[in-house]
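Values below: all heavy atoms of this structure, side chains included; hydrogens, waters and symmetry mates excluded.
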Amino acid sequence: MQWSLRVITGLTADTEPSLILRFESPPTKYIFNVPEGTNRACIQKRYAIAKTKAAFLTRLHPEEIGGFPGLVMMLADTHSRDLTVCGPPGLTHYVASTRFYARRTEFGVNVKEYKHEGLAAAGNATPTLPPPIFQDENIIVHSIPLYPSVVDDDGSTDSPSGSSKRKRSSSATPPPTPKRRSTEASPASNQLLDMDLPPPSISAAAPLDDADRIHRENILHLMFRPPASNAGPAAVADDMDLDKVTEPGPESPSKPSSSTSDPKQLWNRRLPKFRGTPQTLAYFVVGPVTRGKFDAKRAKELGVVGPMCGKLTKGETVTTPSGNVVTPDMCVGPSTPPPAFLFVHVPDPTYIDSVVSRTELFLPSTYGSTVQLHAIIHRVGPGVMEDKRYREWMASFDPAVNHMIASERYSPNPITYSSSARMQLELSYLDNEIFRLPHHNDIPVAPLSDLPDLPAKTTILTQDTELFMHPRLDPTATKFVPPDEFKATLEAINSGTYVHPLEDVYKTAREDADGSAPNYPSSQPNGQDVTITTLGTGMSATLIRIPNYGSVLLDCGEGTWGQLARQFGEPIVSEEGQVRGGVVDLLRDLKCIFISHVHGDHHMGLAKVLARRHKLNPSPSEPLYLIANRLTLHYLSELNDVVEFGLNDRRHIWIIDSDDVYYRKAASGPAMLKATLGLESIQTVDVEHRTQCYGLVLRHKDGWSAVYSGDTMPCNRLVEAGQDASVLIHEATMADDQVEMALAKAHSTAGQAIDVGRRMNAKNILLTHFSQRYPKMPELQAPALADESLVSEEEEPRAPIAIAFDCATLRLGSLWRMEKYMGAMAKTFEKEPGDDASDGAPLDDADAPSTSPPPTKSKKNKKEKRSAATAA
């Protein structure tokens, strides 16, 4: 039986290491860490992950778990098998916190959280191993906890242990002193952040830990169908709307109920706060014993016939018709001992003691006398490889063991998503100010050769590497992977042999745009240099940069951090450890994040962005203002319990409830935020969607304004609040021939979005948020948008209409140029094969199954059929 370990993503600016263990017969897969972009990488590389049986998470941090909710939703929506997920303490809390957007009651999820009981503390030479965290017919997975060294109040350092008592890490930021929250923060938001009560439906006599555990497990039973292998209460019916009761209308505030006597009340109550020691898990994975080859000739000589052959290969003794007793060793060759690999995650040098002081836990002999360790995957943070203790530990293993390293210092930063990068590269020939080459570097900060005494078989963990466990082979490039089109095109450009196939088309489009400039006089000269960067057009993320003031991020879908890093470049780290330049300067410039609603494609990248900002050295001089509705703040508060990103520290984040800046209220927005960004007002608008959703209206003191729709059907309130906007950024999820579907999903078509802009008297209209059914939305809409029949005769001149493209940067004063380029862009899309989704976000609420009746449509168009086939 052939099986291998394949690298889905390596360590780059936009991805963390993710690996998939593949068994060919029967087809079964296991995934190790699910960072942001995992689904997208699998789509691009054609790695089918629909048969994933289990996921193993090394730690509860946005770097390793950012793509997990998307994986769950993708597996559920493609009717995949049930999933088991294993991880450190806090895993149940983390999964339960995603209930407002990741609930899939027809999908089975089994959460296995590591328990430290039974594992000996550091230094014990004869550990008592706990049972495997996972075991099936293919693999046995043992989990090994790694703890940071801790500093007691007297300054002494303790060895790591299995204790759950929280101590102060020598590398962690000390917890902030509690302060009174700003009066600008929503009272409801504070209540969600601070509430920590056990549900009253659980016996008061039960220990607090048990009550907390039962609460979280009950939430999981409401989220998913219990896996087939587990007993448990039935999932609540799909038609029970658990979410809507949470959100009052913007003008009718209400207090959360304290009752949890029914599923709805339990669902809406804040999870008990999680308190635990930070840790990571290493995984020691043991594969199956491979039976020796059956010698058919020898079996025939011994008189073995028919079904007896199968019994012998299974290890059974048989008796032939002539009375001979035949044992398996008489006609079956020797078995191959079970191969194994180790995945160890060491975030920083404080975790090294936890590794080197318990070496017996990493020896193959600990897990079986015949186990053969084939490889160790090392995900190591800054300073770990430079520590002599760690290198000595690596050298203590058999020289035949492969060591695959993922390290910020020693890993290069190549392009991960080559198809979309190649598209940006080609379009940069059209306009290199709008379409910028993504930052990348194939040369690491330092080579591995700088480190002395590394084992001979030490290599860098890179995307599309495959390590065959049986038959046992060294790492090699994965076969049958689509070619790297970006790299090939860039090499041709650098060699001077590249000729752009649409050079004449692009030249004509540029000349047309240059000749049209006099037709677009500036109506608000002070806003001309405001830039809008559309980071994602399927998942939602749009960055507005206001020169001399700061930046605003409108929604933050999965992959936002990676898009920012590719757009602005990697920072430089000084010898003193200070980080400057590139995307870090953008983080310091970021003053406000607005999250429109709780659907995952609008916020699943937020935790990573906040976590990155939280660990900046030195810290930003000003806080970040986070505007979101109560349901989203509820979720973020629970997530912050296990994934610390500074939500409770007012030095880093000021929370504003969307309802507190509602446009029909007297307030025009928090004074400090307006002063920071130079705004006259910043106000929310409740729009029409399947869950409570807000749009945003920004009006600047320099005379320009921007309106963001969030997810919505055509909404008169948005038209009212956004009158005379300089730019309307509006979702266009559905094509114009999908009006019925847009109504059922509470989204807009492109034509409807344009009509909203006309009625608003917007000076520019930018369409974004295209359904995953239409990964090439510009191709579908460009001809229609250029059609003058879309504009009524009395409207002259009409507002320029532009289509967003991933990582396109548009100046407000020249946004009209994008419309002039749409014909050329359409031709670019026509020649693309379309292997890569535009953003790789999980199926959003527009694509997820709905309890609403499907639109009455007798036939699917070609695009729908192609999309359905791709999903399958």
Novice: Could you go through Val85 and Phe68, starting from their C-alpha distance and side-chain angles, then the distance that decides it, and tell me whether this counts as side-chain contact (heavy atoms from CB on, under 4.5 Å)?
Specialist: CA-CA 10 Å; Val85 55; Phe68 178 74; 3.7 Å; yes
Novice: Using a strict cut-off of less than 4.0 Å between a Lys/Arg side-chain nitrogen and an Asp/Glu carboxylate oxygen, indicate whether Asp353 and Arg389 qualify as a salt bridge.
Specialist: yes
Novice: Do you know the tightest heavy-atom contact between Asn640 and Phe645?
Specialist: OD1-N, 3.0 Å
Novice: Does any donor atom in the side chain of Arg216 or His93 lie under 3.5 Å from an acceptor atom in the other side chain?
Specialist: yes
Novice: Are side-chain heavy atoms of Tyr30 and Ile20 found at a separation under 4.5 Å?
Specialist: no
Novice: Nearest 0.5 angstrom please: Leu639 CG to Leu606 CG, how far?
Specialist: 8.5 Å
Novice: Is the backbone of Tyr351 close enough, under 3.5 Å, to the side chain of Ser354 for a donor and an acceptor to pair up by distance?
Specialist: no
Novice: Looking at Arg99 and Glu638, is there a salt bridge between them, counting it only when a charged N and a carboxylate O are closer than 4.0 Å?
Specialist: yes
Novice: Under 4.0 Å between a Lys/Arg side-chain N and an Asp/Glu carboxylate O for Lys615 and Glu644?
Specialist: no
Novice: How long is the gap from CG on Leu11 to OH on Tyr410, to the nearest 0.5 Å?
Specialist: 13.5 Å
Novice: For residues Phe341 and Phe32, establish whether the separation of their ring centroids is below 6.0 Å.
Specialist: yes
Novice: Hey, is the main chain of Thr92 close enough, under 3.5 Å, to the side chain of Glu113 for a donor-acceptor pair?
Specialist: yes
Novice: State, with a plain yes or no, whether a side-chain heavy atom of Phe343 is found less than 4.5 Å away from one of Leu5.
Specialist: no
Novice: Step by step, work out the side-chain contact (heavy atoms from CB on, under 4.5 Å) result for Glu63 and His345.
Specialist: CA-CA 12 Å; Glu63 307 285 0; His345 187 160; over 6 Å; no
Novice: Is a side-chain donor or acceptor of Thr98 paired with a backbone partner of Pro69 at a separation under 3.5 angstrom?
Specialist: no
Novice: Are the side chains of Pro288 and Phe23 in touch, meaning some heavy atoms are under 4.5 Å apart?
Specialist: yes
Novice: Between the side chain of Arg358 and the main-chain N/O of Ile144, is any donor-acceptor distance below 3.5 Å?
Specialist: no
Novice: Dump the intermediate steps for side-chain contact (heavy atoms from CB on, under 4.5 Å) on Leu454 and Leu448, then the final yes or no.
Specialist: CA-CA 9 Å; Leu454 287 178; Leu448 273 179; 4.0 Å; yes
Novice: Output yes when Glu558 and Arg40 qualify as a salt bridge under the 4.0 Å nitrogen-oxygen rule, no when they do not.
Specialist: no
Novice: To the nearest 0.5 Å, what is the distance between OG (Ser396) and CG (Leu363)?
Specialist: 7.0 Å
Novice: Does any N or O in the side chain of His470 come within less than 3.5 Å of the main-chain N or O of Pro338, such that one atom is a donor and the other an acceptor?
Specialist: no
Novice: If we count only N and O atoms by modelled type, under 3.5 Å, do the side chains of Thr58 and Glu64 hold a donor and an acceptor together?
Specialist: no
Novice: With Leu19 as reference, evaluate Asn33, Ile31, Leu461, Ile8 under the side-chain contact (heavy atoms from CB on, under 4.5 Å) test and give the passing residue.
Specialist: Leu461
Novice: May I ask you to test the His378-Met385 pair for a side-chain heavy-atom distance under 4.5 Å?
Specialist: no
Novice: Under 3.5 Å, is there a donor-acceptor pair between the side chain of Arg104 and the main chain of Phe224?
Specialist: no
Novice: Check for a donor-acceptor pair, side chain of Glu36 on one end and backbone N or O of Gly559 on the other, with a separation under 3.5 Å.
Specialist: yes
Novice: If you compare all heavy atoms of Phe284 against all heavy atoms of Ala340, which two are closest, and at what distance to 0.1 Å?
Specialist: CE2-CB, 3.6 Å
Novice: Do any N or O atoms from the side chain of Ser18 and from the backbone of Val34 form a donor-acceptor pair under 3.5 angstrom?
Specialist: no
Novice: Testing the basics here: between Ala282 and Leu146, what is the closest heavy-atom pair and its distance to 0.1 Å?
Specialist: CB-CD1, 4.4 Å
Novice: Please give me the minimum heavy-atom distance between Gly646 and His652, naming the atom from each residue.
Specialist: O-CB, 4.1 Å
Novice: Any idea which heavy atoms bring Val7 and Tyr47 closest together, and the distance?
Specialist: O-CE1, 4.2 Å
Novice: Are Arg472 and Pro339 side-chain neighbours, meaning at least one heavy-atom pair lies under 4.5 Å?
Specialist: no
Novice: If only atom types and distance count, is the side chain of Ser97 paired as donor or acceptor with the main-chain N or O of Tyr635 below 3.5 Å?
Specialist: no
Novice: Hey, could you give me the CD1/OG1 distance between Ile133 and Thr84, rounded to the nearest 0.5 Å?
Specialist: 10.5 Å
Novice: Given the rule in the salt bridge (Lys or Arg N to Asp or Glu O under 4.0 Å) test, do Arg379 and Glu16 qualify, once you have shown the distances and angles that lead to the verdict?
Specialist: CA-CA 9 Å; Arg379 171 60 180 105; Glu16 275 282 323; 2.8 Å; yes
Novice: Can you see which heavy atom on Gly87 is nearest to which on Tyr283, and at what distance?
Specialist: CA-OH, 3.5 Å
Novice: About how many Å separate CG of Asp450 and CD of Glu386, when rounded to the nearest 0.5 Å?
Specialist: 9.5 Å
Novice: Taking the side chain as every heavy atom from C-beta outward, state whether Ser411 and Ile460 have any atom pair closer than 4.5 Å.
Specialist: yes
Novice: In sequence, state the C-alpha distance, the side-chain angles, and the governing distance for Gln463 and Lys45, and then conclude on side-chain contact (heavy atoms from CB on, under 4.5 Å).
Specialist: CA-CA 10 Å; Gln463 186 180 30; Lys45 299 297 183 179; 3.8 Å; yes
Novice: Indicate the ring-plane relationship of His142 and Tyr367, choosing parallel, tilted or perpendicular according to the 30° and 60° boundaries.
Specialist: tilted
Novice: Roughly how far, to the nearest 0.5 Å, is CG of Leu473 from CD of Gln2?
Specialist: 8.5 Å
Novice: So Asp474 and Lys457, do their side chains get closer than 4.5 Å, heavy atoms only?
Specialist: yes
Novice: Salt-bridge test for Lys29 and Glu24: reply yes if a basic N is under 4.0 Å from a carboxylate O, no otherwise.
Specialist: no
Novice: Do Met74 and Ile49 have side chains that approach each other closer than 4.5 Å (heavy atoms only, starting at C-beta)?
Specialist: yes
Novice: Of Lys388, Glu392, Met394, which is the lone residue that meets side-chain contact (heavy atoms from CB on, under 4.5 Å) with Tyr390?
Specialist: Met394
Novice: Output yes when Asp82 and Arg225 qualify as a salt bridge under the 4.0 Å nitrogen-oxygen rule, no when they do not.
Specialist: yes
Novice: Examine distances only and state if a side-chain atom of Asp136 and a backbone atom of Ile139 form a donor-acceptor pair shorter than 3.5 Å.
Specialist: yes
